[in-house]
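These notes concern the structure reproduced below.
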Number of protein chains: 2
Amino acid sequence: MAASTLTEVARLAGVSPATASRVLNGSARKPGQDIAERVRQAADSLGYIPNAQAQGLAKSSSGLIGLIVHDIADPYFAAIALGVQEAAREQRKMVLLATTAGAPADEKEAVAAFAARRADSIVIAGSRSSRPEDKEGNAELAAELDRYCRNGGHVGVVGHPVVGATAAGGYHVVTVPNEELAASLAAELTASQEGDFVIIGGPEGLFTSDDRVRGFQRGLAKAGRHPAEVLRSAFNRSGGYEAGLALAARIKDARRDGSSGAGSERAGSKGTKRICIFAVNDVMAIGAAAALRSEGLRIPRDATIAGFDDIETLRDFRPALSTVRLPLEEIGRQATRSAARADAGTDDAEGATSPISGQITLRRSTETAA
Amino acid sequence: MAASTLTEVARLAGVSPATASRVLNGSARKPGQDIAERVRQAADSLGYIPNAQAQGLAKSSSGLIGLIVHDIADPYFAAIALGVQEAAREQRKMVLLATTAGAPADEKEAVAAFAARRADSIVIAGSRSSRPEDKEGNAELAAELDRYCRNGGHVGVVGHPVVGATAAGGYHVVTVPNEELAASLAAELTASQEGDFVIIGGPEGLFTSDDRVRGFQRGLAKAGRHPAEVLRSAFNRSGGYEAGLALAARIKDARRDGSSGAGSERAGSKGTKRICIFAVNDVMAIGAAAALRSEGLRIPRDATIAGFDDIETLRDFRPALSTVRLPLEEIGRQATRSAARADAGTDDAEGATSPISGQITLRRSTETAA
DNA sequence: GCTGATTGGGAAAGCGCATTCCCACTGCAT
DNA sequence: ATGCAGTGGGAATGCGCTTTCCCAATCAGC
């Protein structure tokens, strides 16, 4: 038994397909009460479900929102995805998910697939990169996105504008003040941290990471500190772990070198106060913390550490992680809404979404009292 | 500029749409080399992207896989989603995501939406429930799923069969041996835990939760322990937290009552050894642990605790959580594959996926040495 | 009671593609 | 030279729906 069609419903109700269509799927013209009733009854006696593909073809709009993330299992993206999902629901649309591991080539492919499905809008989360090896991929991605926009699509971008995008009206970026927030974080930290700062960053060229690094350095400079050394590794937990391992070795070395003095200074003498680590995201921070711990170092005793994002699942981590809270769900919602609003032709200035802001959240991992 | 169509490409290449279709989208008939080349050039000079909706309409298959989860931000579901995503990619399909908070009514709606989009298969993760208030919703959900199956759809179910499903060939359940694993966990725990066991479960009627509770009790019984008391609360972190708060109070009371004796016994005398808490999933366990900690209790000193799932993001939690490792990604993959295989008409017995198994993983949170 | 405006329903033309059917042509064997 | 299978391309149909256009019937206004 194949799914029943509008025509069957119409026949059963004794009306034309046109009329059936008008009553079942909101049309401007409302058929008479009696007829409408007949059609409706016929419809659910047959268990009629409209074929969205056909509807889409006819109306040329699909009710689909494409979402591109690096990794849906990463809580950062999962939170954004939840927001997107909610916004989609408001618009009575469904979301098509693509995970790309951040590879521009895959992202391009995803965009093409979304375009093929005539997604009404697409939301692209996850940092763009400007790494040389991604250059070509980025260009293709931008071209694909541009084409999508020129064909009437709208894309909501989380964070940074897409590199090389030229289609004017199609892009709607939700700006996340990564740099400012990182600067503020640095400012607050300098108040309590006496030792040197070290930054664990993602690969160079990853915008989100670069912004946060830059902001943090700026904050340090403003506070009269010298710039932090920057360790680069993968933008995930294991990246953080690796960097953490390197730092652990260094901390231990420093301690050994200076261990001649009395035991009053906890992290060696020689002017080397306890270092403060800033990892550009929470997941990396957790990885780094795990590495330190595995090397017998304790936080905040032997080193302090701060992250970024304030991932909900990680809030129960101990010592509680100092970080910058970002309204991830809201970010996802806004990206989705802004793209949709433009899609609907509503004036973008009207009901513009409030700018994203974050909140410095100092917790145990950077306490210096102990 | 609207997206270009097959017809335009054909015209530019000087061939008929039929031929263009044959060369651009794999058909049984392969046009000649020269013509194929002409068409392909025309296609990408126009930036042609096939309209998947139209293709779907014509072929009546959409290349879509519907995925239903309770909450994509829950790491459990996120991990499954990742597996589904991977399997979808193998099949060159895209996944449509729906989050339903576990409400059968929403799930029914999601199924209908998937059916409307003619999803080739749908994967439904997240525990079904048999709670009385969900009864009606469940029936409707089952009806909707049945209808979807009768219309040729295939559904992959994670965990428990859908209640009330009658369509024979359409369902493919990936069985997770929750009960057995919980029993094994109990068995292993009884070896080291001397005190009473307490179970923090989800709402009664949630299959996953019920299975784990039942299995755990069975394991206890087998080891000659008396059944654990079962505390019920929400199947998420805050549920665990609440229950944890209640337990904390109880532990403190017990300790106060028996605090007359010498300080050698850590958790009061009076025969009340330190209790062992089994939370039916990791997230709840973390919540409970947080509650205990907030009440000044320490794990495993004042109480031990174990979870279930071995959520990756939670592995860095300290004390490390004893739990049961479940191959969540693999579960997602299998659910997706089994539904797809049936869809493709491949013999299901052939290349049948290996049964899911878990692994008891004891860590610090249940250590009794300290 | 007649005209013009309005309403309410149906017929039909696509939306973009796959696919079946048909036809012209080639190459081979007879 | 003639017939045949085989090959490669095009015409046409239909997937299920929306929407424009058209037409009959109703209503108001004079």
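Each chain gets a letter, A, B and so on, in the order its sequence line appears, and its residues count up from 1. Quick note: numbers below take in every heavy atom, side chains included, and nothing from hydrogens, waters or symmetry partners. As the structure is a prediction and not an experimental result, all values here were calculated from the model.
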Open item on the list: Counting only side-chain heavy atoms from C-beta out, which of C:dT19, C:dG9, D:dC17 sits nearest to A:Thr5?
Closed with: D:dC17
Open item on the list: Under a 4.0 Å threshold between the charged nitrogen and the carboxylate oxygen, would B:Glu107 count as salt-bridged to B:Arg128?
Closed with: yes
Open item on the list: So B:Pro50, base contact, sugar-phosphate only, or nothing? Heavy-atom distance under 4.0 Å.
Closed with: sugar-phosphate
Open item on the list: Show, in sequence, the C-alpha distance, side-chain angles and deciding distance for B:Thr99 and B:Asp71, and conclude whether the side-chain hydrogen bond (donor to acceptor under 3.5 Å, both in side chains) test is met.
Closed with: CA-CA 5 Å; B:Thr99 70; B:Asp71 174 8; over 6 Å; no
Task: Protein-nucleotide distance (B:Gln53, atom CD; D:dC17, atom C1'), rounded to Å - done: 11 Å
Open item on the list: Taking A:Arg11 first and then A:Glu8, would you say they form a salt bridge - that is, a charged N and a carboxylate O separated by under 4.0 Å?
Closed with: no
TODO: Would you mind reporting whether B:His172 and B:Val157 have side-chain heavy atoms less than 4.5 Å apart?
DONE: no
Open item on the list: Using whole Å, what does the distance between atom P of nucleotide D:dC15 and atom CG of B:Leu6 come to?
Closed with: 19 Å
TODO: Check the distance between D:dT20's C1' and A:Lys59's NZ and give it to me in whole angstrom.
DONE: 16 Å
Open item on the list: Let's see if you can work this out: which of D:dG10, C:dC17, D:dC17 has an atom nearest to the side-chain heavy atoms of B:Asn51?
Closed with: C:dC17
Task: Rounded distance (Å) that lies between atom C1' of C:dA18 and atom CG of B:Leu24 - done: 13 Å
- [ ] Take the protein atom CD of A:Glu8 and the nucleotide atom P of D:dG16, then report the distance between them rounded to whole Å.
- [x] 8 Å
Open item on the list: Of the listed nucleotides (C:dC17, C:dG10, C:dG16), which one gets closest to any side-chain atom of A:Ser16?
Closed with: C:dG10
TODO: Look at the side chain of A:Tyr48 and decide which nucleotide, out of D:dG14, D:dC17, D:dG10, has an atom nearest to it.
DONE: D:dC17
- [ ] With the side chain of A:Thr19 defined as its heavy atoms from C-beta on, choose the nearest nucleotide among C:dC17, C:dG9, D:dA11.
- [x] C:dG9
TODO: Nearest whole angstrom, please: distance from the C1' of D:dG14 to the CD of B:Gln55.
DONE: 16 Å
TODO: Grab the CZ-C1' distance between B:Arg11 and C:dC17 for me, whole Å please.
DONE: 15 Å
TODO: Please state whether the base of C:dG8 and the side chain of A:Arg22 form at least one donor-acceptor pair under 3.5 Å?
DONE: no
Task: Ion pair A:Glu90/A:Arg333, N-O distance below 4.0 Å - done: no
Open item on the list: Reading DNA chain C from 5' onward, which residue's closest nucleotide shows up sooner: A:Arg118 or A:Gly14?
Closed with: A:Gly14
Task: Nearest to side-chain heavy atoms of A:Leu57, which nucleotide of D:dT18, C:dG16, C:dA18 - done: C:dG16
Task: Of the listed nucleotides C:dA11, C:dG16, C:dG14, the one nearest the side chain of A:Ala58 - done: C:dG14
TODO: Could you please name the option among D:dT18, C:dA18, C:dG16 that lies closest to any side-chain atom of A:Asn25?
DONE: D:dT18
Open item on the list: By the 4.0 Å heavy-atom rule, please label B:Ser60 as base, sugar-phosphate, or nothing.
Closed with: nothing
Open item on the list: Output the rounded distance in Å from CZ (B:Arg117) to C1' (D:dG16).
Closed with: 15 Å
